[in-house]
Amino acid sequence: MLSVCVALIVLLITSFTFATHAHQHGGAHADKAQTVLISGIAGLVTYMIVGGLSGFFEDRLEAEEEREREGERSAVVLAGQAAFFMFLYLEVLDASFSFDGVIGAFAITNDIVLMALGLGIGAMYVRSLTVYLVRQGTLDDYVYLEHGAHYAIGALAVILMVTIQYQINEVITGLVGSC
């Protein structure tokens, strides 16, 4: 809940500072505080739903494993249910990352064709790279990989907030995200 509270505080500050005189494509300025607030709240609700479903699926898997240890169910039924819930869990995670990627693509460009191409190529590349690294066992060697991803997401979030009011070149955004 702390993360949601921090996000709400940042959302309020952003909507009442950057969004009060947001930059429009035609060069005009307009009040976009309401749009920023609604978008941010929708993102937070999505985050909470995904987190809730993730916790629900993890709890169900732990409960099923505990029942197996007690001998209440057969291994076949348990394996089938565990596989089903793991599949649903992975689908929820994949949907959340896809949703995040589409929103993040707007930080780079507003051209739908470029976004679709970039997201498609990126998804294929990341999936194939992840499968390769898992099969080779080298993913465990990169202990700071998760931290770097969080730093990149944080930097892109700051750029996205700043682009509400100021125009930032796409090259800068792309370079910061790739570093």
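Just so we're clear, the structure is a prediction, and the values are computed from it rather than from any experiment. The basis for the numbers below is simple: all heavy atoms, side chains too, and nothing from hydrogens, waters or symmetry mates.
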Residues forming a side chain to side chain contact (heavy atoms under 4.5 Å, CB included) with [X], sequence neighbours excluded:
X      : value
Val131 : Arg135
Ile38  : Gln34
His147 : Tyr144, Tyr151

Counting only N and O atoms by type, is there a donor-acceptor contact under 3.5 Å from the side chain of Thr163 to the main-chain atoms of Leu160?
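Looks like yes, one N/O pair under 3.5 Å.
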With rounding to the nearest 0.5 angstrom, report the CG to OG distance, Leu8 to Ser3.
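The CG atom of Leu8 sits 9.5 Å away from the OG atom of Ser3.
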Supply the atom-to-atom distance Leu175 CG to Ile172 CD1, rounded to the nearest 0.5 angstrom.
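Atom-to-atom, Leu175:CG and Ile172:CD1 are 8.0 Å apart.
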Are [X] and [Y] joined in one hydrophobic group, where the rule is that I, L, V, M, F, W and Y side chains link up if heavy atoms are under 4.5 Å apart?
X      : Y      : value
Tyr166 : Val176 : yes
Val6   : Ile13  : no
Ile121 : Leu114 : no
Ile9   : Val4   : no

What residues join Leu117 in its hydrophobic cluster, counting side-chain heavy atom gaps under 4.5 Å, either direct or through other members?
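Members other than Leu117 - counting any ILVMFWY side chain reachable under 4.5 Å - are Val113.
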